Amino acid sequence: MIHVTKAFLPKQKEYHNILKSAWDKHWITNRGALVLELEDKIKTTYKISNIIATTNGTLPLQIAIKALGLSGEIITTPFSYIATASTIAWENCKPVFVDIDSESFNIDVSKIEEKITNKTSAILATHVFGNPCEVDKIEVIAKKHNLKVIYDAAHCFGVNYKGKSIFNFGDVSTCSFHATKIFHTGEGGAMMTTDKDLYDKLYYHHNFGHNGPEDFHGIGINAKMSELQAAMGLAVFPYMDSIFSKRKLLYESYLSNLKSNSLLKFQKITENTDYNCAYFPVVFESEELVLKVIEQLNKEGIFPRRYFYPSLNTVGYLKGEQMPIAESISKRILCLPLFFDLTISEVNRISSIILKTIS
Ligand SMILES: *Cc1c(COP(=O)(O)O)cnc(C)c1O
């Protein structure tokens with residue numbers, strides 16, 4: 001069976017060796033040495049200003065909204081994982097959807113300003129499948145209207161834009177280290193900011209507001225990464241270069257197999273990007289074709305996923321307006337299997353099943 005993704009696992013012995021130091025000290029959470037080491041490795045390797053490792057990739061979004069003091073309306077994308085919009089609602093703000101660009105699948109920057117009202121406090125955009133948003137234009141709009149910017153960079157581990165880590169853009173960027181993501185700690189995530197004062201706020205919030213054992217700086221929640229999670233991250237981290245290059249090879253094989261077929265469309269990667277090949281999405285001409293392809297692939301034990309489906313503006317409790325482009329793409333998109341252990345011959349087999357089914 002081939003699923004859309006398969007978590008990369010280091011050798012069990014490597015994980016145990018790293019874990020041993022925590023075991024010896026009986027220190028398995030509360031920002032132990034392994035969490036600090038993981039933060040430091042990510043920070044120096046990708047030249048990130050400030051990073052806080054967290055227990056997943058959703059709490060950082062909630063904490064960012066809290067730390068920036070957002071209220072009222074937050075402009076966001078309907079084409080993302082549910083966590084992007086549910087977080088806004090969870091923090092008692094209103095998600096205001098702006099349709100996406102049909103090529104990049106990211107929020108359509110030219111449609112943001114018409115949705116800004118006197119209640120708008122921020123823009124929360126996703127770099128979809130690791131493809132950077134038009135960050136320069138978003139920054140100009142945000143400055144002009146005095147809005148904060150949060151990037152859901154859940155898919156962006158290792159992505160650079162104009163030679164800089166994409167995590168250094170916006171007021172806060174968040175990442176997910178979930179087992180299905182390109183770099184993982186089982187469950188896990190991080191929040192990044194270039195602003196030291198904001199870093200302090202995020203830091204307090206993620207650890208109950210503790211300012212020493214008996215003093216509280218303000219309200220907080222628990223979003224700390226544990227040593228068990230950090231040990232997994234430290235064991236996976238040395239493999240990242242081989243993970244990126246293997247994925248690039250597979251990504252390019254899919255593309256060369258499929259690109260000449262006029263019934264298929266592919267995500268346009270933003271210029272000046274070092275892309276991490278986190279996903280291989282294909283947009284079909286119709287939903288009917290997608291369903292047919294899924295059926296044929298399933299028969300062969302291959303399980304792609306409809307990322308992102310449904311369009312978030314159609315989710316009942318989020319009550320958004322119609323978003324023609326996001327709704328159309330989410331009905332017609334399929335993410336094909338892409339992971340370190342996949343082989344080129346499997347990519348070729350998947351590609352030929354698809355081409356045969358749609359011909
Ligand atoms: C995975 C994901 C999240 C949530 O991350 P978790 O680590 O699972 O909490 C948020 N946003 C996007 C776009 C994601 O893909």
Side-chain angles (χ1 to χ4, degrees), residues 3-8 35 38 42 51-65 74-91 95 97-98 100 104-107 122-133 149-159 166-167 169-170 172-192 202 206 221-226 228-230 232-233 236 267 275-281 304-313 315 318 326 329-330 333-335 338-339:
H3 291 276
V4 67
T5 189
K6 181 174 166 190
F8 175 88
V35 163
L38 181 64
I42 297 173
I51 181 170
I52 300 167
T54 55
T55 193
N56 61 45
T58 302
L59 280 161
L61 290 167
Q62 287 175 220
I63 291 173
I65 291 173
I74 298 180
I75 287 180
T76 192
T77 173
F79 193 69
S80 185
Y81 184 57
I82 187 77
T84 313
S86 64
T87 294
I88 296 173
W90 190 270
E91 290 300 319
F97 294 106
V98 166
I100 58 168
S104 70
F105 309 158
N106 289 328
I107 195 164
I123 300 168
L124 197 180
T126 300
H127 303 300
V128 174
F129 305 135
N131 190 31
C133 291
V149 179
I150 302 171
Y151 287 114
D152 182 340
H155 307 158
C156 292
F157 198 87
V159 173
I166 195 68
F167 293 148
F169 291 85
V172 181
S173 282
T174 66
C175 193
S176 167
F177 303 159
H178 186 263
T180 57
K181 302 288 174 14
I182 193 158
F183 167 77
H184 79 91
T185 57
E187 292 271 1
M191 43 197 179
M192 279 75 59
L202 296 167
H206 105 297
I221 196 166
N222 180 10
K224 297 186 306 294
M225 177 180 276
S226 78
L228 313 181
Q229 292 171 292
M232 178 60 88
V236 172
Q267 184 178 33
Y275 185 51
N276 62 2
C277 299
Y279 295 83
F280 192 82
R305 275 290 291 271
R306 300 184 80 185
Y307 288 146
F308 295 110
Y309 177 83
S311 188
L312 297 177
N313 59 299
V315 171
L318 295 170
I329 289 183
S330 68
I333 200 166
L334 201 58
C335 281
L338 183 60
F339 48 85

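Ligands are counted one by one from 1 in listed order, and the atoms in each one are counted from 1 as well. Keep in mind it's a predicted model, so treat the numbers as computed, not measured. Quick note: residue numbers are just sequence positions, from 1.
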What does the N/O contact table under 3.5 Å look like for ligand 1?
residue: ligand 1; atom: 5 (O); partner: S176; partner atom: OG; Å: 3.3
residue: ligand 1; atom: 7 (O); partner: G57; partner atom: N; Å: 2.8
residue: ligand 1; atom: 7 (O); partner: S176; partner atom: OG; Å: 2.7
residue: ligand 1; atom: 9 (O); partner: G57; partner atom: N; Å: 3.2
residue: ligand 1; atom: 9 (O); partner: T58; partner atom: N; Å: 3.2
residue: ligand 1; atom: 9 (O); partner: T58; partner atom: OG1; Å: 2.6
residue: ligand 1; atom: 11 (N); partner: D152; partner atom: OD1; Å: 3.4
residue: ligand 1; atom: 11 (N); partner: D152; partner atom: OD2; Å: 2.7
residue: ligand 1; atom: 15 (O); partner: H155; partner atom: NE2; Å: 2.7
residue: ligand 1; atom: 15 (O); partner: K181; partner atom: NZ; Å: 3.2

Looking only at heavy atoms, the pair that brings A125 and I107 closest together is CB-CG2, 4.0 Å
Quick check for you: to the nearest 0.5 Å, what is the distance between F167 atom CZ and Y151 atom OH? 13.5 Å
Please enumerate all residues that pass ring-ring contact (aromatic ring centres under 6.0 Å, His included) together with F308, with sequence neighbours excluded. F79, F129, H155
Of all residues at least two apart in sequence or in a different chain, which pass the salt bridge (charged side-chain N to carboxylate O under 4.0 Å, His left out) check with R305? none
Those residues at least two apart in sequence (or on a different chain) that pass side chain to side chain donor-acceptor pair (under 3.5 Å) with S311 are N313
S176 and H178 side chains, donor-acceptor separation under 3.5 Å: no
